[in-house]
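Quick notes on the structure that follows.
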Amino acid sequence: MVLPDRVADDYFDYLANWYAAQCDDDWEHEFGIRLQTLDNPGWNLQIDLVGTELEGQVLGMTRRDLEGGGWIVVAADGALFEVSCDPMSLRLAIHEFKQLVESD
């Protein structure tokens, strides 16, 4: 498989820009963003909210089944935003975070 050198993607750029905006020489030493694969298979994205404008934002856990067998689970406890999804829904996972940011 050959991938282009750089593919512009608004969602990944959004996440990178949000992360960069949080970095203040302190926050990034203790907090950050973690992306892991799941054995379902899928993705798990965790974003620390502590020390950001989103600290305290709570979202009850919701699960949605998507067309084509996809799925996504989203939650935030005020300190951590967490989303898990099928392998092809990573952009949607970042979109869920973007919606949280823009709802603040």
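- When all heavy atoms of Glu96 and Arg64 are compared, the closest pair comes out as OE2-NH2, 2.8 Å.
- Not a single donor-acceptor pair under 3.5 Å links the side chain of Asp86 to the backbone N or O of Gly42.
- When all heavy atoms of Phe81 and Val83 are compared, the closest pair comes out as CE2-CG1, 3.7 Å.
- The pair Arg34-Asp48 counts as a salt bridge, with a side-chain nitrogen and a carboxylate oxygen less than 4.0 angstrom apart.
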Quick one: do Leu59 and Leu100 satisfy side chain to side chain contact (heavy atoms under 4.5 Å, CB included)? Show the steps, please. CA-CA 9 Å; Leu59 293 174; Leu100 177 70; 4.0 Å; yes

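- Side-chain contact between Ile33 and Gln46: absent, with no pair of heavy atoms (C-beta onward) separated by less than 4.5 Å.
- Closest non-hydrogen pair, Glu28 versus Asp24, comes out as OE1-N, 2.9 Å.
- The distance from the CG atom of Leu45 to the CG atom of Leu15 is 6.5 Å, given to the nearest 0.5 Å.
- A distance-only check finds no donor-acceptor pair linking the side chain of Glu30 to the backbone of Asp26 [under 3.5 Å].
- The side-chain heavy atoms of Phe12 and Arg91, taken from C-beta on, include a pair separated by under 4.5 Å.
- Looking at every heavy atom in both residues, Asp77 comes nearest to Leu80 through OD1-N, 2.8 Å.
- The closest donor-acceptor contact from the side chain of Trp27 to the backbone of Val50 lies under 3.5 Å.
- With values rounded to the nearest 0.5 angstrom, Ile47 atom CD1 is found 9.5 Å from Thr52 atom OG1.
- The two residues Ile72 and Cys85 come nearest to each other via the heavy atoms CG1-CB, 4.0 Å.
- Rounded to the nearest 0.5 angstrom, Asn17 CG and Gln22 CD are separated by 11.0 Å.
- Here CE of Met88 is found 14.0 Å from CH2 of Trp71. Values are rounded to the nearest 0.5 Å.
- In terms of heavy atoms, Ile94 sits closest to Tyr11 at CG2-O, 3.3 Å.
- Distance CH2/Trp18 to CD/Glu53: 10.0 Å, rounded to 0.5 Å.
- Of the possible donor and acceptor atoms, none in the side chain of Trp43 sits under 3.5 Å from a partner among the backbone N and O of Thr37.
- Leu66 is connected to Leu90 through a chain of hydrophobic side-chain contacts under 4.5 Å among Ile, Leu, Val, Met, Phe, Trp and Tyr, so both are in one cluster.
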